Amino acid sequence: GVPALQRVTPSQMKVMNGRKGNPIWSSYQGKVYNVTPYLPFHPGGEKELMKAAGRDGTKLFMEIHPWVNWEGMLSSCLVGILVSEEEAKS
Ligand code: HEM
């Protein structure tokens, strides 16, 4: 079946920045994605996509290409939903 979505905090996401063998996670409008497999395919290049490694990329994304259908493109890379550190405790 479809795996349940993890709740991911900003501090958990920060570690997933491609270093120390970790994957690269980024969030877009509250959804957390493993963008590692998409990296070589990004038309804007790996360096640009890495600006959002381990953090929220919504603002950068919307500044450059708000028309891009990221939700459809990354659906198979969805790992969780972004929650605040406070929400994660409850
Ligand atoms: C271009 C997807 C994140 C910077 C593109 C294009 C796509 C795409 C489809 C081609 C757009 C077109 O030709 O109309 C994505 C997806 C992202 C993502 C799915 C999220 C995972 C980002 C981020 C940045 C960025 C975070 C900036 C830090 C760029 C740049 C281009 C580009 C600079 C080239 C624009 C140009 O001059 O044609 N991206 N992008 N992208 N992207 Fe992204």
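In this text, all values refer to a predicted model and were calculated from it rather than measured experimentally. Position 1 is the first residue of the sequence; numbering continues from there.
Linking Ile, Leu, Val, Met, Phe, Trp and Tyr whenever their side-chain heavy atoms come within less than 4.5 Å leaves W67 and I64 in two separate clusters. Residues L60 and M50 are members of separate hydrophobic clusters, defined by side-chain heavy-atom contacts under 4.5 angstrom among Ile, Leu, Val, Met, Phe, Trp and Tyr.
Taking a cutoff of 4.0 Å between a charged side-chain nitrogen and a carboxylate oxygen, E85 and K89 do not qualify as a salt bridge.
In this structure, L5 and L78 have side chains that are in contact, with non-hydrogen atoms separated by less than 4.5 Å. For the pair Q29/E71, no side-chain contact is recorded, criterion being any heavy-atom separation below 4.5 Å from C-beta on. Within the 4.5 Å cutoff, the side chain of V35 has no heavy atoms near those of the W25 side chain. Side-chain contact check for Y33 versus V79: every heavy-atom pair is 4.5 Å or farther apart. With contacts defined as side-chain heavy-atom distances shorter than 4.5 Å, the pair K59/E63 qualifies. With a 4.5 Å cut-off on side-chain heavy atoms, V83 and V8 do not count as touching. By the 4.5 Å heavy-atom criterion applied to side chains, V68 and M73 are counted as neighbours. Using a 4.5 Å cut-off on side-chain heavy atoms (C-beta onward), T9 and S84 make no contact.
Heavy atoms only, all atoms of each residue included: M62 and P66 are closest at O-CD, 3.3 Å. When all heavy atoms of R7 and Q12 are compared, the pair lying nearest together is O-OE1, 3.6 Å. Across all their heavy atoms, I24 and L39 have their closest contact at CD1-CD2, 3.8 Å.
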Donor-acceptor pairs under 3.5 Å, side chain of residues 14-21 to any protein atom, not counting sequence neighbours: which ones?
from : atom 1 : to  : atom 2 : distance (Å)
N17  : OD1    : R19 : N      : 3.0
N17  : ND2    : K14 : O      : 3.4

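Under the 30°/60° scheme for interplanar angles, the aromatic rings of Y28 and W70 are found to be tilted. The aromatic rings of H42 and H65 lie perpendicular to each other, with more than 60° between the two planes, well past the 30° mark.
To the nearest 0.5 Å, the span separating CG on N69 from OG on S75 amounts to 9.0 Å.
A donor-acceptor contact shorter than 3.5 Å is absent between the side chain of S26 and the backbone of D56.
Evaluation of the salt bridge (charged side-chain N to carboxylate O under 4.0 Å, His left out) rule for E46 yields no partner, not counting sequence neighbours.
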